[in-house]
Amino acid sequence: MKNFILFIIPFITIISCDKIPGISDYVGVPPSSEISKEQGLLIAKYTASQNEVFIDGEKYIITDSWATYRFKTKNSKVINKDIYDFLFSVKCIRTGKLLTEQNPTLFLNKNVCLIGENYGYGIGIGIQGSLLSIDFLSNRKPISPENIIVEFQSGNKKQRVNFVKENKASH
């Protein structure tokens, strides 16, 4: 009976998590700058100073980079302007997989790191969906930066990429 109770309590907890406010309403980030623009969330697109980077001996290409807001909840169309994210996707040339699919978390803050001040909750670069992300609190950095510098490392070689804001969207 004790084993049954130990099994059923976590099972009930897992089943009921979708009823807890904040868990079932969690809104992820738009998966691309194009979708962010379509949803009215795009702050700005960014251009990388170089498109190809090396990480752990593999050649990658930066395919998209942008700053975006999120909606307040999954079913809401109200934009949450308290926080925004800088997102970028990095794809392995050899496999065609995104860096986050190929090497989920091993690389964070070791092979890919933010250069400069952190204005968000995190400790630099994180993962949102399948994208690399840097979060910004609007009360600490109200306008998305003109430049964001990210350093990629492969062995002893370091490569800095400067992401430069292209344009200003409607936010």
Side-chain angles (χ1 to χ4, degrees), residues 22 25-55 58-93 96-105 107-154 158-171:
D25 286 346
Y26 176 75
V27 175
V29 294
S32 70
S33 60
E34 196 58 41
I35 291 174
S36 180
K37 183 177 180 180
E38 288 170 10
Q39 294 177 336
L41 300 171
L42 183 69
I43 297 170
K45 287 219 13 119
Y46 283 76
T47 301
S49 58
Q50 52 195 319
N51 289 330
E52 293 181 353
V53 294
F54 288 88
I55 303 167
E58 288 274 4
K59 191 177 197 179
Y60 289 83
I61 187 165
I62 298 167
T63 58
D64 200 2
S65 53
W66 72 101
T68 186
Y69 290 115
R70 303 176 189 206
F71 292 117
K72 287 199 179 234
T73 63
K74 193 185 295 185
N75 298 316
S76 171
K77 293 298 177 197
V78 176
I79 298 172
N80 181 358
K81 292 195 174 183
D82 294 334
I83 188 169
Y84 60 93
D85 296 276
F86 170 72
L87 304 164
F88 58 107
S89 55
V90 182
K91 188 181 284 190
C92 180
I93 292 176
K97 289 184 175 182
L98 292 173
L99 175 61
T100 54
E101 297 169 332
Q102 197 150 302
N103 197 353
T105 57
F107 66 89
L108 287 180
N109 298 314
K110 175 186 161 220
N111 297 60
V112 184
C113 62
L114 172 65
I115 303 298
E117 192 168 345
N118 181 11
Y119 293 100
Y121 290 117
I123 55 169
I125 296 180
I127 298 174
Q128 289 289 333
S130 60
L131 304 166
L132 297 174
S133 69
I134 302 169
D135 63 342
F136 291 89
L137 295 170
S138 296
N139 64 354
R140 293 181 67 198
K141 187 72 174 163
I143 300 170
S144 65
E146 294 297 318
N147 298 294
I148 297 172
I149 301 171
V150 174
E151 186 172 83
F152 297 87
Q153 185 170 344
S154 184
K158 294 182 179 182
Q159 190 177 3
R160 287 191 177 181
V161 175
N162 186 17
F163 291 91
V164 179
K165 189 188 288 189
E166 286 180 14
N167 59 3
K168 194 171 184 178
S170 60
H171 300 287

Problem - K165 side chain reached by I143 side chain, heavy atoms, under 4.5 Å - result: yes

Handout entry: Nearest-0.5 Å distance that lies between atom CG in N80 and atom OH in Y69
Key = 9.5 Å

Exercise for the section: Answer yes if the side chains of S133 and D85 hold a donor-acceptor pair under 3.5 Å, and no otherwise. Expected result: no

Practice task
Rounded to the nearest 0.5 Å, what's the gap from CD on E101 to SG on C92? Could you check?
Solution key: 10.5 Å

Handout entry: Side chain proximity check, S144 to Y46, heavy atoms < 4.5 angstrom
Key = yes

Exercise for the section: Find the distance between OH (Y84) and CH2 (W66) and round it off to the nearest 0.5 Å. Expected result: 15.5 Å

Fill in the blank from the handout: The reported gap from CZ in R160 to CD1 in I149 (rounded to nearest 0.5 angstrom) is 6.5 Å

Exercise for the section: Side-chain contact test, heavy atoms from C-beta onward, threshold under 4.5 Å: evaluate it for T68 versus Q39 and give yes or no. Expected result: no

Handout entry: V90 to F152 - nearest heavy-atom pair and separation
Key = CG2-CE2, 4.4 Å

Handout entry: Distance-minimising heavy-atom pair for N118 and G120
Key = OD1-N, 3.0 Å

Practice task
Could you walk me through whether L99 and V112 pass side-chain contact (heavy atoms from CB on, under 4.5 Å), step by step?
Solution key: CA-CA 10 Å; L99 175 61; V112 184; 4.1 Å; yes

Completion exercise
When rounded to the nearest 0.5 Å, the distance separating CG of L131 from CZ of F86 is 10.5 Å

Problem - Shortest non-hydrogen contact from P145 toward K141 - result: CG-CE, 4.0 Å

Problem - From CG (L87) to CD1 (I134), nearest 0.5 Å - result: 9.0 Å

Exercise for the section: Test F163 against I62 for side-chain contact (heavy atoms from CB on, under 4.5 Å), laying out the working first. Expected result: CA-CA 10 Å; F163 291 91; I62 298 167; 3.9 Å; yes

Exercise for the section: Compare every heavy atom of L114 with every heavy atom of I125, then report the nearest pair and how far apart it is. Expected result: CD1-N, 3.7 Å

Fill in the blank from the handout: Heavy atoms of L42 and A67 approach each other most closely as CD1-O, 3.6 Å

Problem - Stepwise side-chain contact (heavy atoms from CB on, under 4.5 Å) test for Q50 and Q159 - result: CA-CA 10 Å; Q50 52 195 319; Q159 190 177 3; 3.1 Å; yes

Handout entry: Closest approach of R140 to P142 (non-hydrogen atoms, all atoms of both residues)
Key = C-CD, 3.9 Å

Problem - Side-chain heavy-atom pair V29, R70 within 4.5 angstrom cut-off - result: yes

Handout entry: Distance-only polar pair, side chains of T63 and K91, donor-acceptor under 3.5 Å
Key = no

Problem - Evaluation steps, side-chain contact (heavy atoms from CB on, under 4.5 Å), between F88 and V161 - result: CA-CA 12 Å; F88 58 107; V161 175; over 6 Å; no

Problem - Trace of the side-chain hydrogen bond (donor to acceptor under 3.5 Å, both in side chains) decision for S33 with D64 - result: CA-CA 7 Å; S33 60; D64 200 2; 2.9 Å; yes

